[in-house]
Amino acid sequence: MNERRKPYPFDEIEPKWQTIWDESRAFHAPNPGEENFDPAKPKYYALDMFPYPSGAGLHVGHPEGYTATDIIARYKRLRGFNVLHPMGWDAFGLPAEQYAIKTGQHPAVTTRDNVAKFKTQLKRIGFSYDWEREVNTTDPAYYKWTQWIFLQIYHSWFNPESKKAEPISTFRGDDPDSVRLAYVAEVPVNWCQELGTVLANEEVIDGKSEVGGFPVVRRPMRQWMLRITAFADRLIDELDELDWADSIKALQRNWIGRSEGAEIAFAIDQASARDSRALPSIRVFTSRPDTIYGATYVVLAPENPLVDQITTDDRRESIAQYRTAIAAKSDLERTDLAKEKTGAFTGAFAINPANGERIPIWIADYVLMGYGTGAIMGVPAHDERDLEFARKFDLKIVPVVQAPGKTPEESIGFVDDGLAINSPLINGLSRAKSTAKIIDWLEKNGHGRPDIRYKLRDWLFSRQRYWGEPFPVIWRDGKHEAIPESELPLEPPALEDFKPTGTGEPPLAKAKDWIRYSQSSVRETNTMPQWAGSCWYYLRFCDSKNDERFVGEEAERYWMGGDNDEARMTNDERMTKPESPGTSSFDIRHSTLRAKPGGVDLYIGGVEHAVLHLLYARFWHKVLFDLGHLSKPEPFQRLVNQGMILGEDGRKMSKRWGNVIDPLDVIEIYGADAFRCYEMFMGPLEQMKPWSMKGVEGVSRFLARVWRLIMEENQAGEWILSGEVEDVPPEKPQLKVLHATIKKVTGDIETLSFNTAISQMMILVNALTNAPKKSVSAFRTLLVLLNPFAPHLTSELWRTLSDKFPGADGEIIAQPWPDHDEAFLVEDEIEIVLQVNGKLRDKVTVSLEATNAQIEAAALASPKVQNAIAGQTIRKVVVVPKKLVNVVCG
RNA sequence: GCCAGGGUGGCGAAAUUGGCAGACGCGCCAGACUUAGGAUCUGGUGGAGCAAUCCUUAGGGGUUCGAGUCCCCUCCCUGGUACCA
């Protein structure tokens with residue numbers, strides 16, 4: 001077997017340049033105050049979603065986003081920005097713990113090995129990370145600050161007046177523990193008996209554990225919660241200013257699920273109640289208070305505590321039976337399978353406050369205790385579910401909204417806008433007006449008030465795990481207390497046995513000595529979820545070595561700061577700079593994309609984090625912002641989700657299909673530059689797309705063409721600078737392509753359209769290959785443009801050219817990004833498209849100055865046009881200057 | 001069901017404000033150089049037709065001198081969510 005011949009010696013030059021960059025600290029971004037820091041440079045923060053270092057190593061999906069940010073980072077450096085481009089490890093998590101349970105190897109050891117593996121792989125791809133800023137969430141020096149942030153949250157409350165997080169000391173009530181942003185509550189959790197642990201929602205798939213497929217049941221347990229719901233409105237509203245895809249914003253809005261309406265009190269009819277003492281009224285939430293006259297019954301969730309108080313004696317047994325049956329159902333059965341409505345009558349009646357009618361009170365499992373008030377008013381005429389329920393149990397159906405062009409009877413089942421009917425107070429009014437009026441009426445008469453509800457739940461923040469951050473909290477006399485900051489980091493105890501206890505008590509409970517904090521107090525034994533570390537890592541990157549603060553104030557202001565005037569000025573200057581007179585609408589459009597500096601300027605990662613991670617991180621950021629620790633209320637200004645890369649067979653990559661591509665295998669054959677370029681050439685970054693080895697080969701051929709454009713093989717088979725390269729300016733046709741390429745590549749990088757940027761560079765290389773003379777200056781421009789994509793190849797060629805031809809000082813990564821000159825793009829002659837009735841018939845070339853009349857005359861003179869209009873009358877001739885002529889006839 | 005995003009050659013895909021559909025790459029065909037080619041270079045390549053010409057952006061309708069692009073309807077795919085009142 002003879003080894004496959006390399007198209008160019010990437011196997012030598014790639015490791016060579018990686019070493020040079022490492023040793024010269026080429027990509028270290030200095031902080032303010034640091035040596036080499038240049039305050040004149042604007043900042044740019046390009047961030048990847050840091051990976052969980054699994055044992056399996058990198059797959060081709062990881063480097064897709066990483067390559068995109070790396071291109072941007074390298075491009076911005078060439079444009080004169082001080083670029084923060086860091087990488088780190090999200091290393092707490094279940095796999096390392098499971099591995100520890102099986103093998104007894106400490107998770108820290110597994111983590112260290114996996115990190116080393118990942119880092120080697122990332123370095124081999126040639127990413128320009130500032131490795132001096134590397135962070136690891138499992139490092140005590142890191143999680144010290146994760147715990148510190150938890151304490152900030154613990155020591156705060158949400159002031160509804162200011163709509164901000166404030167120190168708990170500003171709370172005027174009696175019981176601060178009831179309003180803290182971190183609190184303890186008895187909540188239903190996903191308990192998996194087989195695994196002996198609680199699982200996060202996302203670890204439960206169809207009622208079974210993701211790992212092992214064991215049954216999962218709901219069970220109430222004492223848990224730490226974070227009051228994210230207090231920030232629901234801000235988390236929705238402040239999305240507006242962010243440069244995120246609309247689809248991702250929609251996902252977040254959906255998840256938060258804001259719903260405006262009213263809370264309405266339905267009094268219980270005393271005569272019907274089992275318990276004759278004064279009963280509270282039933283509060284329901286509705287998004288359609290305008291339909292209140294159509295409320296012909298009330299439904300409580302089966303778990304609603306009111307049920308016991310109102311059920312009449314004759315109904316007690318059937319109600320108890322129904323509740324038992326529901327309790328036995330899993331969540332899965334209760335939602336997916338329960339398409340058929342079920343329910344039971346309590347025997348009690350309520351009074352509809354709008355019309356005083358006596359309406360029955362039912363319980364049914366289609367009403368959930370966890371949303372709204374756990375009770376609804378049933379409006380069967382205008383709610384699909386209520387209609388189904390009413391039909392099944394033969395309840396009264398009264399239409400109260402008349403749909404346009406329909407009779408009242410036909411309007412049943414119609415849920416959208418219409419005019420109110422059968423509703424004395426609001427008859428004839430539109431939905432908006434009747435809603436406002438009825439809410440006003442309810443409020444004035446003490447029957448209700450406007451209300452807003454959210455689907456978003458408070459964040460269940462504790463896990464019964466070993467491999468996570470311990471809570472900096474102790475318990476004394478049944479009450480929790482924070483430990484002093486001076487005791488951070490609080491490290492987990494050394495354990496021999498990481499197994500869950502099986503009782504729901506966390507593994508940390510086994511460390512008897514560690515638990516005992518003082519005579520009268522014990523430590524919290526829960527740990528934080530994996531999300532904790534990833535909620536703020538982007539802040540730590542700004543100042544990863546600081547042991548005084550979670551991030552230094554000056555560093556935070558600089559990297560995460562609001563208006564970066566330098567950046568804005570630079571963009572404006574660039575736009576109006578005299579040497580680039582051709583400021584087209586194109587340039588302006590791209591400039592506006594950069595007009596909002598601040599926070600992380602570009603954040604790229606998988607769409608799987610569109611909701612949870614991004615919501616949690618925004619929440620923490622807002623708390624820290626409110627408390628005065630941060631400069632801006634939002635962390636990530638521009639967010640992009642890369643699409644998934646599928647296997648060559650078009651299926652999702654998995655061991656099962658045997659279609660997994662290992663980046664290092666690809667790099668072995670084609671080199672890192674080809675790997676990077678192919679990942680970007682495949683198609684739009686955000687799109688899902690299949691891998692193709694043939695495609696890699698095509699891109700590899702392109703890079704080899706660049707190499708051979710400048711290099712040739714001598715008799716001895718060594719690569720040397722081509723003798724044809726001359727220190728001459730490019731000729732006119734090459735200049736034109738060159739400047740068109742500068743323009744296109746620059747614009748495409750700004751919009752992350754890397755695939756078309758590479759296409760354009762291919763066109764340029766084809767043109768330069770066919771050029772009569774090999775111009776050094778044209779090559780140098782090409783190399784700079786290509787550098788962010790193929791950094792090793794271009795570095796090597798740049799240096800080789802520099803050795804022979806003076807005039808370009810320094811390495812390629814220190815060069816300025818080229819500007820295009822519109823003058824080279826101007827045509828002196830223009831090709832005009834000739835159409836007859838909108839169909840292409842011919843083309844003519846005219847001078848740039850040709851008048852519309854001249855163009856029209858030229859068009860009508862064309863034999864092909866004449867042929868096409870033969871025998872018809874010309875009705876009209878449309879002339880679009882510099883573009884086309886359309887002759888309309890018939 | 002609801003929300004969001006898609007549907008363009010044999011394949012991955014291009015297409016500023018509506019203005020030459022298919023750039024660039026893969027694959028394929030032909031040629032050159034070669035002992036050889038899975039190397040390299042040159043040319044061709046949406047479909048039908050010998051041709052002139054006709055057809056073509058999921059399907060149908062509309063606006064327009066002109067529609068992949070704008071509007072309406074239908075179908076299909078992907079992601080999210082699902083009795084959220």
Between [N] and [M], how many Å separate the two [atom1] atoms, rounded to a whole number?
{"N": "B/rC41", "M": "B/rU56", "atom1": "C1'", "answer": "34 Å"}
{"N": "B/rG38", "M": "B/rC20", "atom1": "P", "answer": "40 Å"}
{"N": "B/rA48", "M": "B/rG43", "atom1": "C1'", "answer": "24 Å"}
{"N": "B/rU78", "M": "B/rC71", "atom1": "P", "answer": "25 Å"}
{"N": "B/rC24", "M": "B/rC75", "atom1": "C1'", "answer": "32 Å"}
{"N": "B/rC73", "M": "B/rA85", "atom1": "C1'", "answer": "32 Å"}
{"N": "B/rG79", "M": "B/rC26", "atom1": "C1'", "answer": "28 Å"}
{"N": "B/rC65", "M": "B/rC11", "atom1": "C1'", "answer": "37 Å"}

OP1, OP2 of [N] versus side-chain N and O of [X]: anything below 4.0 Å?
{"X": "A/Arg701", "N": "B/rC26", "value": "yes"}
{"X": "A/Lys839", "N": "B/rC55", "value": "yes"}
{"X": "A/Asn770", "N": "B/rC41", "value": "no"}
{"X": "A/Ser247", "N": "B/rG80", "value": "no"}
{"X": "A/Arg253", "N": "B/rA4", "value": "no"}
{"X": "A/Arg705", "N": "B/rG25", "value": "no"}
{"X": "A/Lys876", "N": "B/rC65", "value": "yes"}
{"X": "A/Asn755", "N": "B/rA14", "value": "yes"}
{"X": "A/Gln835", "N": "B/rG19", "value": "no"}
{"X": "A/Asn766", "N": "B/rG25", "value": "yes"}

> Using the glycosidic torsion, which applies to B/rG9: syn (within 90° of 0) or anti (everything else)?
Replying inline: syn
Could you give the [atom1]-to-[atom2] distance, from [X] to [N], as a whole number of Å?
{"X": "A/Lys341", "N": "B/rG1", "atom1": "NZ", "atom2": "P", "value": "16 Å"}
{"X": "A/Asp246", "N": "B/rG6", "atom1": "CG", "atom2": "C1'", "value": "15 Å"}
{"X": "A/His609", "N": "B/rG80", "atom1": "NE2", "atom2": "P", "value": "13 Å"}
{"X": "A/Phe285", "N": "B/rC83", "atom1": "CZ", "atom2": "P", "value": "17 Å"}
{"X": "A/Leu251", "N": "B/rC2", "atom1": "CG", "atom2": "P", "value": "18 Å"}
{"X": "A/Phe702", "N": "B/rU40", "atom1": "CZ", "atom2": "C1'", "value": "17 Å"}
{"X": "A/Met644", "N": "B/rG5", "atom1": "CE", "atom2": "C1'", "value": "14 Å"}
{"X": "A/Asn641", "N": "B/rG80", "atom1": "CG", "atom2": "C1'", "value": "12 Å"}

With heavy atoms under 4.0 Å as the rule, sort [X] into base, sugar-phosphate or nothing.
{"X": "A/Arg453", "value": "nothing"}
{"X": "A/Arg457", "value": "nothing"}
{"X": "A/Ser692", "value": "nothing"}
{"X": "A/Ile763", "value": "sugar-phosphate"}
{"X": "A/Gly698", "value": "sugar-phosphate"}
{"X": "A/Lys694", "value": "sugar-phosphate"}

Which nucleotide in the list [options] gets nearest to the side chain of [X]?
{"X": "A/Phe681", "options": "B/rA15, B/rG12, B/rA4", "value": "B/rG12"}
{"X": "A/Glu697", "options": "B/rC24, B/rA39, B/rC65", "value": "B/rA39"}
{"X": "A/Lys843", "options": "B/rC20, B/rU78, B/rG25", "value": "B/rC20"}

> Do A/Cys677 and A/Leu703 come within less than 4.5 Å of each other through their side chains, counting heavy atoms only?
Replying inline: yes
Indicate yes or no for a side-chain donor-acceptor contact from [X] to the backbone of [Y] under 3.5 Å, with no hydrogens or angles considered.
{"X": "A/Tyr678", "Y": "A/Ser692", "value": "yes"}
{"X": "A/Arg457", "Y": "A/Gly370", "value": "yes"}
{"X": "A/Asp842", "Y": "A/Ser862", "value": "no"}

Indicate every side-chain donor-acceptor pair of residues 874-889 of chain A with a distance under 3.5 Å to a residue at least two apart or in another chain.
residue  : atom : partner  : partner atom : Å
A/Arg875 : NH2  : A/Gly890 : O            : 3.3
A/Asn886 : OD1  : A/Asn837 : N            : 3.4
A/Asn886 : OD1  : A/Gly838 : N            : 2.9

> Taking the six-membered ring of A/Tyr371 as reference, does the NZ or CZ atom of A/Lys455 fall below 6.0 Å from its centre and within a 45° cone about the axis?
Replying inline: no
> Could A/Arg701 and A/Trp707 be counted as a cation-pi pair, given that NZ or CZ must be under 6.0 Å from the ring centre and within 45° of the axis?
Replying inline: no
>> Which is more 5' along RNA chain B, the nucleotide nearest A/Val699 or the one nearest A/Ala704? Just name the residue.
In response: A/Val699
>> Reading 5' to 3' and counting Watson-Crick or G-U wobble pairs with both distances under 3.5 Å, write the dot-bracket notation for RNA chain B, | for bases paired outside the strand.
In response: (((((((..(((......[....)))((((((.......))))))(((....)))..(((((..]....))))))))))))....
>> Whether the A/Arg841 and A/Asn867 side chains hold a donor-acceptor pair (N or O, under 3.5 Å, no angle test) is what I'd like checked.
In response: no
>> Taking donor-acceptor contacts at under 3.5 Å, does the side chain of A/Lys883 reach the base of B/rU17?
In response: yes
> Should A/Thr342 and A/Tyr322 be marked as a side chain to side chain contact (heavy atoms under 4.5 Å, CB included) after you check the CA-CA gap, both sets of side-chain angles, and the distance that decides it?
Replying inline: CA-CA 9 Å; A/Thr342 61; A/Tyr322 183 74; 2.7 Å; yes
>> Check this for me, if you would: do A/Arg453 and A/Glu260 make a salt bridge, where the nitrogen-to-carboxylate-oxygen distance has to be below 4.0 angstrom?
In response: no
>> On a heavy-atom basis, which atom in A/Asn659 and which in A/Met653 lie closest, and how many Å separate them?
In response: OD1-CA, 3.2 Å
